[in-house]
Amino acid sequence: MFHYILSKIFPVSRGGKFGYIDAEGKIVIDYQAKFTDAYAFNEGLAIVYSNAKFDGFINQQGNKVIPKGNYYDAKEFSEGLAAYRTLKTATDFAVSNYGYLDLTGTSVIKPQFKKANNFSEGLAAVQVGSGYGYINSSGKMVIKAQYNSAEDFSEGAALVTINGTSHYIDKKGKFLFNSSYKNGESFSEGLAAVKAGANYGFIDKKGKLVIPAKYEEVHSFSEGLAAVKVNGKSGYIDNKGKLIIPNQFDAASDFHEGLAVAESGGKTGFINKTGAWVIQPTLDWAGRFLRGFLTHIVLMEKYTLIKMVRLCGKEANLNSGMRNEENATI
């Protein structure tokens, strides 16, 4: 059994070199020319690249604990496992199917899947042949590869598609209800976004449309609110469908720790749950908050000043960029 700490250090770059800083802006892992890219920590380990190629995983002291070896690439760790691929031979560039390695870098599920998702709630969606199914942490196929697509399990249910129709299954592969929806999202806080006709609404786990499909676009619920778009403007509703924050933003994203990224006039800022600007929309781009700190890039005008912003409103100026995946807005 492996134990790991929650990451409170973040990847940054300066002059083409990557390193990591802590929540106070202090350099924890110094900028290194050998890292040409660096990812956020998951379960105590982070992926690094050298010369634009996968170079293994480092720990929070900057030590490489899983070397590249024969691995061609890998995904981040989730529930103690990470999907990986290898080169089929040392002399060609053909890439293997996906397998899974553990936190020691040992391959525990041999490469055999065309595609492989992260583990979630004990299962991972994988592609075998032309179909998608689910394996457990031993690599055993527990839900047959019979779907056109498959998403991660969330709140005990997973979204799958069959012949263009979205369905929701339990961990035994049983449909939760009969579905006729063409587009759907995973369940979050007991509700799932679906497209009914030309617009989007929300269903419960019985398949009942509990929030009418009247929105042009929607996000899943997060911290009790969901971003919705009407007439080209985004606002927020609660789980009863009541409008809590009027549709006034050009774009809006999920709430994390009481704040959400929103856009107005072509610029990005952060709002609270009353819809008030906590950080004015002066940024070119921003990511979400996690454990009180920005985890993503915050780019100022002309990309000349980059800051790390704390929830309390204090700012630590950095001549660096914070890297992570994009926080989507609608």
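Note that the structure is predicted; figures quoted are calculated from it, not measured.
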Problem - Thr161 and Ser149: CA distance, side-chain angles, deciding distance, side-chain hydrogen bond (donor to acceptor under 3.5 Å, both in side chains) verdict - result: CA-CA 5 Å; Thr161 59; Ser149 68; 2.5 Å; yes
Practice task
Give the intermediate values and the outcome of side-chain contact (heavy atoms from CB on, under 4.5 Å) for residues Asn136 and Leu123.
Solution key: CA-CA 5 Å; Asn136 62 19; Leu123 300 178; 4.1 Å; yes
Handout entry: ring pair (Phe, Tyr, Trp, His ring centres under 6.0 Å) involving Tyr71 - partner list, sequence neighbours excluded
Key = Tyr84
Handout entry: Asp102 side-chain N/O to Gly105 backbone N/O, donor-acceptor pair under 3.5 Å
Key = yes
Completion exercise
Smallest heavy-atom separation, Asp254 atom then Ser222 atom, equals CB-CB, 3.9 Å
Handout entry: Common cluster, Ile279/Ile271, ILVMFWY with side-chain heavy-atom separation under 4.5 Å
Key = no
Practice task
Write down the atom of Val228, the atom of Val218, and the distance for their closest heavy-atom approach.
Solution key: CG1-CG1, 3.7 Å
Practice task
Output the distance between atom NZ (Lys68) and atom CG (Asp55), rounded to the nearest 0.5 Å.
Solution key: 7.5 Å
Exercise for the section: Tell me whether Leu243 is reachable from Tyr215 by hopping between hydrophobic residues (I, L, V, M, F, W, Y) whose side-chain heavy atoms are closer than 4.5 Å. Expected result: yes
Practice task
Determine which pairs satisfy ring-ring contact (aromatic ring centres under 6.0 Å, His included) with at least one residue from residues 110-145, sequence neighbours left out, and list them in order.
Solution key: Tyr100-Phe119, Tyr134-Phe153
Fill in the blank from the handout: salt bridge (charged side-chain N to carboxylate O under 4.0 Å, His left out) pairs touching residues 184-197, sequence neighbours excluded, are none
Exercise for the section: Work out which heavy atom in Asp73 is nearest to a heavy atom in Tyr49; give both atom names and the distance. Expected result: CB-OH, 4.4 Å
Problem - Phe177 ring center within less than 6.0 Å of Tyr168 ring center - result: yes
Problem - Closest non-hydrogen atom pair, Thr165 against Lys182 - result: OG1-NZ, 3.5 Å
Practice task
List the steps and the verdict of side-chain contact (heavy atoms from CB on, under 4.5 Å) for Asp152 and Ser186.
Solution key: CA-CA 8 Å; Asp152 297 341; Ser186 296; 5.9 Å; no
Practice task
Group every Ile, Leu, Val, Met, Phe, Trp and Tyr by side-chain heavy-atom contacts under 4.5 Å, then state whether Phe187 and Ile169 land in the same group.
Solution key: no
Fill in the blank from the handout: Between the CD1 atom in Ile237 and the CD1 atom in Ile245, the distance rounded to the nearest 0.5 Å is 11.5 Å
Problem - Closest approach of Asn42 to Glu76 (non-hydrogen atoms, all atoms of both residues) - result: ND2-CB, 3.4 Å
Problem - Verdict with reasoning, Val126 to Met141, per side-chain contact (heavy atoms from CB on, under 4.5 Å) - result: CA-CA 9 Å; Val126 296; Met141 186 71 70; 3.9 Å; yes
Problem - Flag if over 12 foreign heavy atoms under 6.0 Å of NZ, Lys17 - result: no
